[in-house]
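Accompanying notes for the structure given below.
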2 protein chains.
Amino acid sequence: MEEYYPILMSTSLFRGISLQGLEELLQCFRPQVKTFHKGEILLLFGYESHDIGIILDGQADGIKNTPDGAEVLITHLGPGDIFGDVLSGSSLKSPVTILARTDCKAVFFPYQKIIHPCHSLHYSHNQLMQNLVATISEKYFALNRRVDLLILKTLRAKLCTWLLDEAARQGKDTFSITLNRAGLADYLNCERSALSRELNRMQNEGLIELYKSSFKLLDKAALANQAAH
Amino acid sequence: MEEYYPILMSTSLFRGISLQGLEELLQCFRPQVKTFHKGEILLLFGYESHDIGIILDGQADGIKNTPDGAEVLITHLGPGDIFGDVLSGSSLKSPVTILARTDCKAVFFPYQKIIHPCHSLHYSHNQLMQNLVATISEKYFALNRRVDLLILKTLRAKLCTWLLDEAARQGKDTFSITLNRAGLADYLNCERSALSRELNRMQNEGLIELYKSSFKLLDKAALANQAAH
DNA sequence: TTTCGGTTGTTGCTTAAGCAACGAACTAAG
DNA sequence: CTTAGTTCGTTGCTTAAGCAACAACCGAAA
């Protein structure tokens, strides 16, 4: 287990918790580490779950089935990524299935133990609870930002908003992203071809400069203006 | 304060907490009750907040300013509605302004006191923490359902999905809603005229039956089929 | 009763962007 | 080097739905 401490400590759930604190918590929670073969299911659509999972090794996908049976990719999870956190706190059924894309390993923390402070009142336990709320809250806001994009009427507005947002997040006007074109099109909910078309138009108009997955904002005022409509 | 106990106890935050438990918690938290005149601000866009607010009396609106300065209505809050809960848990700035639409009264609970169990380890305090996480999680899932609608490509698909979803939520195939047409159009992110047009088409095709704000699903199989594309 | 604000339905016109198909560039494996 | 898989750009065609404008309806207030 020790080999995974760095991964755990890098997650938002254990942010700010010392190594000693982590060990106390593991002592207390006794989380289960499970190994999955490629194609096995970590969390099944339509079921409740009361465990918070963290991927330790390998890759997993969050997928959803459309009414006509097709599979839609929702998220991609790697080491350090957390799943089941929002679900555990609610009494709802999982909206997604988490599927092992490669052989992988995950650790499961029982939600009830996390949310109930134990007698010893570890300082780190309290930090963990705050982190849990913060983790869920941040997921909410991330989703909220996406909704703000999705409700914009034109692709141009979506792109302007997204570019400004991303620049603000990264703290610079020249930045690159990990998403590829198809991924960005998915996120913005548009056609990949339309995305290419619009990005080129914007480059021609002198609003931005493109190079592969790098973006440079040339005229933020105009971008802000066009983000509105 | 006693007069507002029923409102507090009806909220998701105090769900399952006894009157005695509520009084203990109030004793412990000493939340502030504030009165606002119409037009005053309960929570300002762009600022952090570390209080969880509950409307006790009157009406307030959650609004957002678009880049070009226009005001967009996000939510409408009445007695028993909670705000600032997701925000408090994060270290982010508020994405909305909460504005008193009428004279109103709200109570503010300090987040830090809620998230830190105190020495006395009230049973109800623990319930409250669970409720807080549940409240935030449910807001997340509500948003998630909306995203699922927004990413559908056609209005027909959005409507089919929404109708099936709403019927499932209300547990019957004939139901009515509180939203008016404009509100529903906003939620689905489409034009009100297009919404009317499409609903009528669907009625003509024998998929549904309409009467004002009542909907009757006639052919759920066809609806499910068309929800996909 | 009349009037008025608010909510719906309706309908042409216009357009942003979906769709489909193909070609170019790049990478990795054989 | 060859081949095969992936990603990205490009471009006509087509259409869903946005936009604007008006008419019908309804309930509340005057």
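The chains referred to below are lettered A, B, ... by the order of the sequence lines, with proteins before strands, and numbering in each begins at 1.
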Could you state the atom-to-atom distance from CZ of R156(B) to P of dT15(D) in whole Å? 16 Å

G58(B) to T102(B) - nearest heavy-atom pair and separation: CA-OG1, 3.5 Å

Spacing between D186(B) atom CG and dG18(D) atom P, to the nearest angstrom: 12 Å

Counting primed atoms, P, OP1 and OP2 as sugar-phosphate and everything else as base, the B/S/- map of nucleotides 4-14 of chain D against protein heavy atoms under 4.0 Å is ---SBBBBB--

Report the end-to-end axis angle of the helix from dT1(C)-dA30(D) to dG30(C)-dC1(D); each axis comes from five terminal pairs, and the value is rounded to 10°. 30°

Say whether, by atom type as modelled, one donor and one acceptor occur between the side chain of Q203(A) and the main chain of L210(A) under 3.5 angstrom. yes

Could you tell me how far apart L184(B) (CG) and dT8(C) (P) are, to the nearest whole angstrom? 10 Å

Could you give me the CA-CA distance, side-chain angles and deciding distance for D81(B) and I54(B), then say whether side-chain contact (heavy atoms from CB on, under 4.5 Å) is met? CA-CA 6 Å; D81(B) 285 333; I54(B) 300 178; over 6 Å; no

State plainly whether the residues E138(B) and R15(B) are in salt-bridge range, i.e. N to O under 4.0 Å. yes

Using 30° and 60° as the class limits, which term best fits the ring planes of F175(B) and W162(B): parallel, tilted or perpendicular? perpendicular

Whole angstroms only, please: what is the CG-P distance between N189(A) and dC19(C)? 10 Å

Separation of dG18(C) P from E198(A) CD (nearest whole Å): 10 Å

Once you round it to whole Å, what is the distance between P of dG18(D) and CG of L152(A)? 13 Å

Between D148(B) and K64(A) (salt bridge meaning N to carboxylate O under 4.0 Å), is one present in this structure? yes

Which atom pair, heavy atoms only, marks the closest approach of S94(A) to F45(A)? O-CD1, 3.5 Å

Would K139(B) and D85(B) count as a salt bridge (Lys or Arg N to Asp or Glu O under 4.0 Å) if you check the C-alpha gap in whole Å, the side-chain angles of each, and the deciding distance to 0.1 Å? CA-CA 10 Å; K139(B) 285 194 179 185; D85(B) 49 347; 3.0 Å; yes

Here the distance between atom P of dA16(D) and atom NZ of K158(B), to the nearest Å, is 15 Å

Any pair counted as salt bridge (charged side-chain N to carboxylate O under 4.0 Å, His left out), so long as it reaches residues 37-60 of chain B, sequence neighbours left out: E48(B)-K93(B)

How close or far is atom P of dT11(C) from atom CZ of R201(B), stated in whole angstroms? 12 Å

